[in-house]
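First up is the structure itself, then whatever we jot down about it.
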Amino acid sequence: MTHVSVTVDDGHLAALDGVVQGLRARGMQVDQVLDGLGIITGSVPPDAAGGLAAVAGVASVDEQLGVQLPAPDSPVQ
């Protein structure tokens, strides 16, 4: 599964529930809806990620990237 953040356009902030339903219909497992920011986070199968942008009200779909720092006792800091 690919973790994604979906940004909702300003015109659909009042209808956020409809956007969430559309994303679920496209295969997204919604983890969190940040109403005040207009951002929906969750995960989707890699082959379905491209279809999320077609949902009405979606401004952008961004893959969440992970960062890992070296251990404190590692020689590389």
Side-chain angles (χ1 to χ4, degrees):
M1 297 289 273
T2 302
H3 297 281
V4 295
S5 294
V6 176
T7 304
V8 177
D9 67 32
D10 292 339
H12 287 81
L13 290 176
L16 204 56
D17 290 336
V19 178
V20 170
Q21 289 176 4
L23 294 171
R24 286 186 173 141
R26 297 268 180 165
M28 182 175 173
Q29 179 184 3
V30 175
D31 294 332
Q32 194 172 30
V33 178
L34 305 170
D35 296 344
L37 299 174
I39 296 176
I40 303 164
T41 64
S43 54
V44 64
D47 60 335
L52 298 179
V55 174
V58 172
S60 68
V61 179
D62 300 297
E63 183 177 350
Q64 295 177 4
L65 303 176
V67 176
Q68 184 166 347
L69 299 174
D73 58 347
S74 173
V76 177
Q77 287 292 322

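Along the sequence shown, residues carry numbers from 1.
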What's the verdict on side chain to side chain contact (heavy atoms under 4.5 Å, CB included) for Leu34 and Ile40, showing C-alpha distance, side-chain angles and the deciding distance?
CA-CA 6 Å; Leu34 305 170; Ile40 303 164; over 6 Å; no

Could you state the interatomic distance from CD (Gln21) to CG (Leu16), rounded to the nearest 0.5 Å?
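Here the interatomic distance stands at 10.5 Å.
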
Least distance between heavy atoms, Ala54 atom then Arg26 atom
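Smallest heavy-atom distance, with atoms named: CB-NH2, 3.8 Å.
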
Please name the pair of heavy atoms, one in Gly27 and one in Pro45, separated by the smallest distance, quoted to 0.1 Å.
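Smallest interatomic distance, heavy atoms only, reads O-CD, 3.5 Å.
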
Are side-chain heavy atoms of [X] and [Y] found at a separation under 4.5 Å?
X     : Y     : value
Val19 : Asp17 : no
Val8  : Val58 : no
His3  : Thr41 : no

Is it the case that Gln64 and Ser5 place a side-chain donor and acceptor less than 3.5 Å from each other?
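Judged by distance alone, the side chains do pair up.
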
Report yes or no: do Met28 and Ile39 belong to one cluster of Ile/Leu/Val/Met/Phe/Trp/Tyr joined by side chain heavy-atom distances under 4.5 Å?
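No, Met28 does not connect to Ile39 through the hydrophobic network.
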
Would a single hydrophobic cluster contain both Val61 and Leu13, if residues Ile, Leu, Val, Met, Phe, Trp and Tyr are joined by side-chain heavy-atom contacts under 4.5 Å?
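Yes: a chain of side-chain contacts under 4.5 Å links Leu13 to Val61.
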
Between Val44 and Leu52, is a side chain to side chain contact (heavy atoms under 4.5 Å, CB included) present by the stated rule, with each step listed?
CA-CA 9 Å; Val44 64; Leu52 298 179; 4.2 Å; yes

